Amino acid sequence: MPELPEVETTVRGLAAVMEGKRIAGVEARRADLRRPFPEDLRQRLTGATVSALGRRAKYGLIETDRGDTMIFHLGMSGRWRIDPEELGTHDHLIVGVDSGHILSLNDPRRFGSVDLLPTDDIDAWPPFAAMGPEPLGPDFTARHLQQALAGRIASIKLLLLDQRIVAGLGNIYVCEALNMAGIAPGRQGGRIGLKRLERLVEAIRTVLLAAIDAGGSTLRDYARPDGELGYFAKQWRVYGREGLECPCGGIVRRRTEGGRSTFYCADCQR
DNA sequence: CCGACAACCTGACGGC
DNA sequence: TGCCGTCAGGTTGTCG
């Protein structure tokens, strides 16, 4: 369940046990996830001190005092486990810090990734270089959306999933934000007025912040081996709720586009 | 540029 | 109990 709020809460949880700590050991239990692990991962991390944790879109950043940053992506099913009671087949990368804590990157589907770059180079790293603004940052405004969407005839649903337009939204939060903003998912991106874009920006911020708030409880679950759906799942307005009531009283519908489900309410989303 | 689709993987769930 | 089809939070690439 890793979207931006999950990555954010994961990073905060890792910071609590890693920040300022020395990396005592690194063990890769397989050679790759989505792509191969960096060959010198263990050598460059071991002995280094974690100076800061961070996040860019759905990527987590672990920065060391040696001038390196480890960049991880959780894919569809990845999560970090803190002090797991035992390691299973999907615990692929283990990091031990000198305070005694063990961190395990667990990813059954293995769509995640781990990269290691000089910290000075991460802005130029291709996945980051092409990215749009952070949805919770100062550059994500209705004006920006208006420019980025100008002339686009694709649906706003698909455009919001494009990380070049805004970086960090996934299927759940796009559905939720469009519902909150009262915008139909199939509406052409370039044909949404500034007023409604302002509402959309506000809705995206609101839903992400609420999810991060609730994600705190998810994170506590992460510290246990059995972490399931986060608390914020209980707050979904439309996602996963086909046939149930939208907050407006309408019935939530589901449609498929690009092989992915879109949940929406035809009554209040126009 | 656009939409559809497939690929990468495993696990959960429903139907029979 | 088990087998089979379907679906799942993401990203990347191809094809018409």
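This is a predicted model, so every value here is computed, not measured.
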Does the base of B:dC9 carry an N or O that pairs as donor and acceptor with the side chain of A:Arg109 under 3.5 Å? yes
Nearest of C:dG10, C:dA8, B:dG11 to any side-chain atom of A:Pro108? B:dG11
In the structure I gave you, are the side-chain heavy atoms of A:Leu41 and A:Leu93 within less than 4.5 Å of one another anywhere? yes
A:Arg241 NZ/CZ over A:Phe263 ring centroid, <6.0 Å and within 45° of normal: no
Would you say the side chain of A:Thr10 lies within less than 4.5 Å of the side chain of A:Leu14, judging by non-hydrogen atoms? yes
Are the side chains of A:Leu74 and A:Trp80 in touch, meaning some heavy atoms are under 4.5 Å apart? yes
Report the distance from atom CE of A:Met76 to atom P of C:dA8, rounded to the nearest whole Å. 8 Å
May I ask you to say whether A:Asp68 pairs ionically with A:Arg66, meaning some side-chain N is under 4.0 Å from a carboxylate O? no
Pick the C1' atom in C:dG9 and in B:dC2, then give their distance to the nearest Å. 24 Å
Indicate, with a heavy-atom threshold strictly under 4.0 Å, whether A:Arg34 touches base, sugar-phosphate, or nothing. base
Shortest non-hydrogen pair, A:Ile153 vs A:Gln188, comes out as O-CG, 3.2 Å
Rounded to the Å, how far apart are A:Leu160 CG and C:dG9 P? 16 Å
Can you tell me if the side-chain N/O atoms of A:Lys58 get under 4.0 Å from OP1 or OP2 in C:dG10? yes
Looking at B:dC9, I'd like to know if its phosphate oxygens (OP1 or OP2) sit under 4.0 Å from a side-chain N or O belonging to A:His90. no
Where do A:Leu200 and A:Ala177 come nearest, in terms of heavy atoms and distance? CD1-O, 4.3 Å
Salt-bridge criterion met for A:Glu6 and A:Arg79 (N-O under 4.0 Å): no
Just how far, in rounded Å, is P of C:dG13 from CG of A:Leu161? 18 Å
Could you tell me the separation between the CD atom of A:Glu3 and the C1' atom of C:dT11, rounded to a whole number of Å? 13 Å
Please enumerate all protein N or O atoms sitting under 3.5 Å from an N or O of nucleotides 1-3 of chain B, with distances to 0.1 Å.
unit_1	atom_1	unit_2	atom_2	d
B:dC2	OP1	A:Arg152	NE	3.1
B:dC2	OP1	A:Ile153	N	3.1
B:dC2	OP1	A:Ala154	N	3.4
B:dC2	OP2	A:Arg152	NE	2.7
B:dC2	OP2	A:Arg152	NH2	2.4

Separation of A:Arg110 atom CZ from C:dT12 atom P, in whole Å? 18 Å
Base, sugar-phosphate alone, or nothing: which one does A:Tyr239 contact when heavy atoms must sit under 4.0 Å apart? sugar-phosphate
Side chain of A:His73: nearest nucleotide among C:dG9, B:dT10, C:dT11? C:dT11
A:Ser261 near the nucleic acid: base, sugar-phosphate alone, or nothing, with a heavy-atom cut-off under 4.0 Å? sugar-phosphate
For the C1' atoms, the ones on C:dG10 and on B:dC1, what distance do you get once it is rounded to whole angstrom? 22 Å
Return the value, rounded to whole Å, for the distance between atom OH of A:Tyr173 and atom P of C:dG10. 10 Å
Between B:dC5 and C:dC7, how far apart are the P atoms? Round to whole Å, please. 13 Å
Output the single nucleotide from C:dT11, C:dG10, B:dC9 whose closest atom is nearest the side chain of A:Arg260. C:dG10
Nearest heavy-atom pair of A:Val238 and A:Val252: which atoms, and what distance? O-CG1, 3.6 Å
In whole angstroms, the gap separating P of C:dG10 from CG of A:Leu169 amounts to 10 Å
Worked check of side chain to side chain donor-acceptor pair (under 3.5 Å) between A:Lys21 and A:Ser99: CA-CA 7 Å; A:Lys21 302 295 188 285; A:Ser99 59; 5.2 Å; no
Measure CZ/A:Arg35 against P/C:dT12 and give the value in whole Å, please. 7 Å
Face-to-face contact A:Phe111 to B:dC8 six-ring, under 5.5 Å, under 30°: yes
Dot-bracket notation for DNA chain C, counting Watson-Crick and G-U pairs under 3.5 Å, with | for partners on another strand: .|||||||.|||||||
Give one of base, sugar-phosphate or nothing for A:Arg254, where a contact means two heavy atoms less than 4.0 Å apart. sugar-phosphate
Taking atom types as modelled, find out whether A:Arg254 and A:Ser261 have a side-chain donor-acceptor pair closer than 3.5 angstrom. yes
